[in-house]
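Written below as structure tokens is the structure these notes are about.
Residue numbers begin at 1 in each chain, while the letters A, B, ... track the order of the sequences. Only heavy atoms go into these numbers, but all of them, side chains included; no hydrogens, no water, no symmetry mates. All values reported here derive from a predicted model rather than from experimental measurement.
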Protein chains: 2
Amino acid sequence: MSETAAPSRRELNKTANRDAIAAAALELLRSRGMGEFTVDDIAATAGVSRRTFFNYFSSAEAAIASFTQKYLDSVIEQLLRRPSDEPLLESAQHALTAVGSPRDLALLAETYALTQNHPQLSRYQLQAWDECSTSIIAAATNRLGKVDDELYLHALVGSIIASGRAAMEVWFQQRGPDTSETSLAILRQLLFDAVGHLRSGFNP
Amino acid sequence: MSETAAPSRRELNKTANRDAIAAAALELLRSRGMGEFTVDDIAATAGVSRRTFFNYFSSAEAAIASFTQKYLDSVIEQLLRRPSDEPLLESAQHALTAVGSPRDLALLAETYALTQNHPQLSRYQLQAWDECSTSIIAAATNRLGKVDDELYLHALVGSIIASGRAAMEVWFQQRGPDTSETSLAILRQLLFDAVGHLRSGFNP
DNA sequence: CCGTGATTTGCACAGAGTGCAAAGTTGCAC
DNA sequence: GTGCAACTTTGCACTCTGTGCAAATCACGG
């Protein structure tokens with residue numbers, strides 16, 4: 001069915017460049033910490049010009065947040081694979097915890113941990129989660145046709161995303177920057193349980 | 001009981017300055033639109049130096065987002081006034097729609113409307129809502145003592161805030177930049193209904 | 001091999017944000 | 001009211017950000 005299609009040389013170079021830049025940003029984040037490096041540093045590490053950096057990302061924070069976006073994109077992908085008659089909350093519960101890409105979850109967790117106390121980066125992460133909401137709403141609207149109750153859908157999807165973020169926050173409080181396999185398993189469980197609470201209407 | 005206490009001259013000057021700067025930012029936002037003015041413009045309009053602007057706000061966006069923060073602060077204030085044995089969802093429903101400060105809600109709506117398509121400002125607004133979550137969680141933890149289920153509390157409060165944001169979004173889709181009394185009444189109703197959906201566990 | 005369109009790069013420039021020290025205010029004790 | 005201590009505003013200098021523009025470079029099809 002849907003092949004990934006044309007990996008032309010140009011396309012390949014483009015994603016390779018993008019990945020190299022994001023990887024360079026992550027490397028500097030790990031080694032120096034947020035705020036301790038500049039866009040020039042990232043560009044130099046990635047082996048591109050400063051100007052090219054800005055062709056791909058609008059800021060250093062955006063480059064780091066791309067890892068969060070990547071995880072959330074894979075969540076949406078999983079979500080679209082669920083049977084379309086399955087209740088949204090159930091689909092979401094599975095999509096958030098699906099291990100379609102273990103590395104994505106690990107990077108989500110790592111960048112989340114390295115983000116603490118860096119307002120501007122936090123804002124970019126928030127935006128990534130919010131855009132995920134928007135995508136899910138669009139997909140649901142697409143699938144169900146014009147919904148009768150916009151408010152219901154927005155509040156529901158927003159709550160799902162909020163539950164996901166709650167799981168991240170609680171995980172980090174409990175585990176700190178530990179991103180071992182064990183720790184990530186706990187994170188997955190928290191993601192599952194958070195949406196579980198939502199599914200049960202927050203009735204204990 | 002808790003008086004607002006010492007309005008010393010210094011304190012007064014400080015809040016007056018802060019208000020003047022925020023008002024100047026809003027005025028420029030209204031007259032020129034986001035991205036069409038600089039921090040120097042705001043400082044000049046407010047009658048302070050550029051450097052003083054940065055003593056109060058870290059960016060133009062932060063100055064605009066202060067109106068959202070103000071509304072959310074008043075929500076928290078209302079929330080703390082509710083009887084402490086009332087279920088959190090019920091308290092939240094009332095706090096979000098309480099007209100403790102009609103002007104705050106109007107400014108929330110207006111700045112929300114003027115924010116569309118301005119990523120950096122959107123991020124600041126998101127952050128304001130997120131910090132509100134954090135405050136509510138802290139308050140609840142404070143009131144109930146160390147909670148047994150952190151995840152439950154985080155997911156619940158996050159969902160409340162998400163419902164509030166959902167109401168804002170739906171309101172704006174329906175009403176655009178209309179901030180008349182009638183329109184604001186609709187917004188209040190949407191806020192009430194959004195949390196209502198959450199209260200009923202999203203069961204139609 | 002060459003032309004065409006996309007991509008990268010260098011350069012220039014306006015503006016953001018911050019440290020620092022001088023100048024100006026406010027509060028308080030005498 | 002004088003004067004000193006603490007706080008606030010301001011100007012200045014400096015680094016870094018983000019973007020427009022045009023030249024150079026690259027990918028691809030003929």
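- Contacts between chain B and DNA chain D, taken as any atom within less than 4.0 angstrom of a protein heavy atom, begin and end at dA6(D) to dC12(D).
- Ranked by how close their nearest DNA chain C nucleotide is to the 5' end, R10(B) and F37(B) are led by F37(B).
- Checking side-chain atoms of Y71(A) against main-chain N and O of A106(A) turns up no donor-acceptor pair under 3.5 Å.
- With S91(A) as the fixed residue, the side-chain hydrogen bond (donor to acceptor under 3.5 Å, both in side chains) test singles out one of Q78(A), R82(A), E86(A): E86(A).
- Rounded to an integer number of Å, the gap from E36(B) CD to dG15(C) P is 12 Å.
- More than 12 heavy atoms of other residues, nucleotides or ligands lie within 6.0 Å of CZ in R143(B), so this atom counts as buried by the packing criterion.
- Here the side chains of P119(B) and Q127(A) are in contact, with some heavy-atom distance below 4.5 Å.
- Side-chain contact between I42(A) and F37(A) is present, with heavy atoms from C-beta onward closer than 4.5 Å.
- Counting only N and O atoms by type, the side chains of E27(B) and T45(B) include no donor and acceptor under 3.5 Å apart.
- A salt bridge does not link R123(A) to E61(A): none of the charged side-chain nitrogens sits closer than 4.0 Å to a carboxylate oxygen.
- Listed by residue number, the members of residues 42-57 of chain B with any heavy atom below 4.0 angstrom from DNA chain D are V48(B), S49(B), R51(B), T52(B), N55(B), Y56(B).
- Scanning residues 12-29 of chain A for heavy-atom distances under 4.0 Å to DNA chain D yields N13(A).
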* **Audit row: E110(A), T179(A), side-chain hydrogen bond (donor to acceptor under 3.5 Å, both in side chains) steps and yes/no** => CA-CA 7 Å; E110(A) 183 180 3; T179(A) 56; 5.5 Å; no
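- Below 30°, between 30° and 60°, or above 60°: for F202(A) and H197(A) the angle between ring planes is below 30°, a parallel geometry.
- Judged purely by distance below 3.5 Å, without hydrogens or angles, the side chains of S183(A) and S180(A) never pair a donor atom with an acceptor atom.
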